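Reviewing the structure listed below.
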Amino acid sequence: MLTSDEVQKRNAFAACAAFRIEGLEASLDRAREIAFQGELDAVGHHIEEAQGYLAQIRLLHQEALDEFCRAQGE
């Protein structure tokens, strides 16, 4: 059974990941729209933004994996 602290960490992770995933999706959607209009500079900006969200998601995922591995070792 999870402790209250573990539940709070899990919920915080889920909320942070969901926010970043939504941001990633929005950035990619916007970049796609702009690409159809031929505005390549703007596309580059939104791709960079999406890459930033992806990097944050990867970091959160790695932290969650590390936490899981620590919990398994206890």
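Both backbone and side-chain heavy atoms feed into the values below; hydrogens, waters and symmetry mates do not. By convention here, the first residue in the shown sequence is residue 1. Quantities reported herein were computed from a predicted structural model and do not represent experimental measurements.
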What residues, two or more places apart in sequence or in another chain, satisfy side chain to side chain donor-acceptor pair (under 3.5 Å) together with Arg32?
-> Asp29
Rounded to the nearest 0.5 Å, the CD atom of Gln56 sits from the CZ atom of Arg58 at a distance of 12.0 Å
Answer yes if Ile57 and Leu59 sit in the same cluster of Ile, Leu, Val, Met, Phe, Trp and Tyr residues linked by side chain heavy atoms under 4.5 Å apart, and no otherwise.
-> no
From CA spacing to verdict: side-chain contact (heavy atoms from CB on, under 4.5 Å), Leu28, His46 | CA-CA 7 Å; Leu28 291 173; His46 286 284; over 6 Å; no
dist Ile21:CD1 -> Leu54:CG (nearest 0.5 Å) comes out at 10.0 Å
Shortest non-hydrogen contact from Leu24 toward Ala50 | CD1-O, 3.1 Å
Going from CZ on Arg20 to CD on Glu25, what distance comes out if it is rounded to the nearest 0.5 angstrom?
-> 14.5 Å
NE2 of His45 to OG of Ser27, rounded to nearest 0.5 Å, is 7.5 Å
With sequence neighbours left out, what residues match Glu33 under side chain to side chain donor-acceptor pair (under 3.5 Å)?
-> Arg30
To the nearest 0.5 Å, atom CD of Glu63 lies from atom CD of Glu67 at 9.5 Å
